Amino acid sequence: MDAVFQRCINPDCAATCGVEETAFVCPRCGGLLDVAYDWDRLEPPKTLRDFEAKWADRANPLSFSGVWRFRELLPFAPPEQVLTIGEGQTILQRADEVAGYVGLDPGRLFLQYEGLNPSGSFKDNGMTAAFTHARLVGARRAACASTGNTSASLAVFCSATGLMRAVIFIGSGKISYGKLAQALDHGALTVQIAGDFDDAMQRVQQVARRLGIYLVNSINPFRLEGQKAIMYRVLEALRWEVPDWVVVPGGNLGNVSAFGKAFIELAELGLVERVPRLAVINAAGANTFHQLYEKLGLRWEKGRPKADVIGGYYRGLDAEHIRAATIASAIEINRPVNLAKALRALEHCGGIVREVTDQDILDAKAKVGAGGLGCEPASAASVAGARRLRLDGVIEPGERVVCILTGHQLKDPTATVAYHSTDQKTFDEVLGKRGVRRATFANRAVQVPNDLDEIIRAIEVYS
Ligand code: F0G
């Protein structure tokens, strides 16, 4: 067998297939696939500090990339095949103001700002890996279903590299303007289907199979290889110390799956002495994972999570016509494709799941913004979730916590402007129907007549 291959995540099945396969489902049982490595035949680093040598080699695009400078930990492609657009130049910022809001001691909260990626979200970490694989297999067209960020990332990568033509599926009226603008401006074929993300996700898999289009959703295990690098950069920024908690919003559950795999491998390779605890935060209006994990007790169970629990839950959603609904449109998802991998991640990393309301999300978002970083609503779920976990006494005030800010503030200006608006009608239209009642941390614009004295008076009153 090759040193790199694809393998079913269910240990009882463990069917394998070659790197060149693009079906992205287990050929035997239909389950999810991992990219698997025979580390004995590869050259993983001896210590994480070895990566620091890459810092002096920034003229090399592979060492500049925040994903590929860790390429020895995702060695599925020869270096000359790697396709990078300079993704992953992101920062881990100590955020004491926000720590106060969350209830943590100064110096204990860090925000990993993935909004700094070329397309403005963490997806670029995965897209560079998917594109590298697509290049290996000679794909000419790529497709995804999206709540907006995967499609933006795909559109950017297609236009920047010219490797493939982008076909994106979005739920009609379901994605924010910033993200739709990206898909259109970067020239993607944009298919708006009458339905939501969960519908689009089912359709894109059928279409990709029928037309032989390369799928870049996070069901593609190569994408998740790239997203492991978010954790490598967190460790790098903490000088290779493992935080106590990593808190991440949960939608399709790709990120948490990738983070779990990163830590499982680092532990196996003896590169870390312990792993952090992982907390996944759902929006209350799209809380499948919270329900399954915390209420129905669904667990990994050595690769055999109870299918009847999952099936029963989804039948219940259908019977009651429940669709995902949250202001955090990026995570407005009720049928996460990476459910099983996420369970595995939580099993290995002492994981827990919480849900937060749209009110909690927008208040946390305003605090993150006032603290210096702009994020979109879904990202703020991580901070709202950390606060919830502090209030519940699960996280201690002195623990070191990293919240992932998955996407940039400018992705969704509508939600932000409505929160800070002086106009009750705008507030009600955008937020009222989501159950948001107050804008406790609103920064309202001041209305003044076009008169110098009045303007000066207003500035003196308010500043
Ligand atoms: N945060 C943002 C900003 C996202 O765009 C997404 C997912 C998530 C969090 C959730 O991440 O799926 O790995 O659990 N957006 C996908 C999309 C679904 O289509 O852009 P996940």
Side-chain angles (χ1 to χ4, degrees), residues 112-117 119-127 130 143-156 166 168-171 174-176 178-180 182-183 188 190 196-201 204 215-220 223-224 226-228 230-231 246-261 278-283 286-290 324 326-339 341-342 345-346 351 353 356 361 365 368 374-385 403-412 415:
Q112 174 67 18
Y113 190 30
E114 290 300 310
L116 291 179
N117 273 291
S119 80
S121 86
F122 74 93
K123 304 284 179 180
D124 296 347
N125 293 285
M127 206 54 72
C144 69
S146 186
T147 54
N149 279 327
T150 303
S151 50
S153 180
L154 173 60
V156 166
I168 69 179
F169 286 57
I170 55 178
K174 287 291 183 186
I175 79 172
S176 64
K179 301 172 190 178
L180 182 58
Q182 288 178 291
T190 304
D196 62 10
F197 174 83
D198 294 317
D199 300 316
M201 188 67 228
V204 77
L215 194 61
V216 299
N217 278 106
S218 53
I219 196 170
N220 175 336
R223 237 197 66 187
L224 298 190
Q227 288 172 220
K228 293 190 306 191
I230 301 170
M231 288 301 103
V246 173
V247 188
V248 61
N252 230 354
L253 303 178
N255 254 343
V256 63
S257 301
F259 298 175
K261 185 170 189 277
L278 287 177
V280 179
I281 313 301
N282 271 167
N287 62 353
T288 290
F289 197 40
H290 181 253
T326 166
I327 190 74
S329 58
I331 52 173
E332 194 172 53
I333 295 172
N334 258 350
R335 292 172 190 262
V337 294
N338 289 299
L339 178 62
K341 281 187 180 175
L346 297 198
V353 188
V356 291
I361 288 174
K365 191 176 98 60
V368 170
C375 72
E376 64 168 288
S379 311
S382 63
V383 173
C403 290
I404 312 297
L405 298 183
T406 46
H408 200 280
Q409 175 191 50
L410 299 178
K411 292 281 190 173
D412 189 358

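Quick caveat: nothing in here was measured; it's all calculated off a predicted structure. Read the numbers this way: they start at 1 and go in the same order the structure lists the ligands and their atoms.
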Donor-acceptor pair between [X] and [Y] side chains, under 3.5 angstrom:
X: S379; Y: T406; result: yes
X: N125; Y: Q227; result: no
X: Q182; Y: N149; result: no

Distance under 4.0 Å to a non-hydrogen atom of [X]: what atoms of ligand 1 satisfy this?
X: I331; value: 8 (C), 9 (C), 10 (C)
X: I333; value: 18 (C)
X: K123; value: 5 (O), 6 (C), 7 (C), 15 (N), 16 (C), 17 (C), 18 (C), 20 (O)
X: N252; value: 12 (O), 14 (O), 21 (P)
X: N149; value: 2 (C), 3 (C), 4 (C), 5 (O), 20 (O)
X: T150; value: 16 (C), 17 (C), 19 (O), 20 (O)

[X] versus ligand 1: do any nitrogen or oxygen atoms come within less than 3.5 Å of each other?
X: S146; result: yes
X: G250; result: no
X: T147; result: yes
X: A378; result: no
X: S379; result: no

Just by distance, do the side chain of [X] and the backbone of [Y] share a donor-acceptor pair under 3.5 Å?
X: D124; Y: S119; value: yes
X: T147; Y: A330; value: yes
X: T288; Y: N334; value: yes
X: T190; Y: A188; value: yes

Around [atom], find the nearest protein heavy atom and jot down its residue, atom name and distance.
atom: atom 4 (C) of ligand 1; answer: A330 CB, 3.4 Å
atom: atom 11 (O) of ligand 1; answer: F122 CZ, 3.6 Å
atom: atom 1 (N) of ligand 1; answer: T406 OG1, 2.7 Å

Task: For D196, all residues meeting salt bridge (charged side-chain N to carboxylate O under 4.0 Å, His left out), sequence neighbours excluded - done: R323
TODO: Check each heavy atom of Q227 against ligand 1 and say whether those closer than 4.0 Å belong to the side chain, the backbone, both or neither.
DONE: neither
- [ ] For A384, check side chain to side chain contact (heavy atoms under 4.5 Å, CB included) against everything at least two apart and list the hits.
- [x]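 Testing A384 for side chain to side chain contact (heavy atoms under 4.5 Å, CB included), a comparison that skips the adjacent residues, returns V356, D360, A364.
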Task: Of the listed options N282, N255, I281, closest to atom 13 (O) of ligand 1 (non-hydrogen atoms) - done: N255
Open item on the list: So that I can tick it off, tell me whether K179 and E376 are bridged by a salt bridge, with the cut-off set at under 4.0 angstrom between side-chain N and carboxylate O.
Closed with: yes
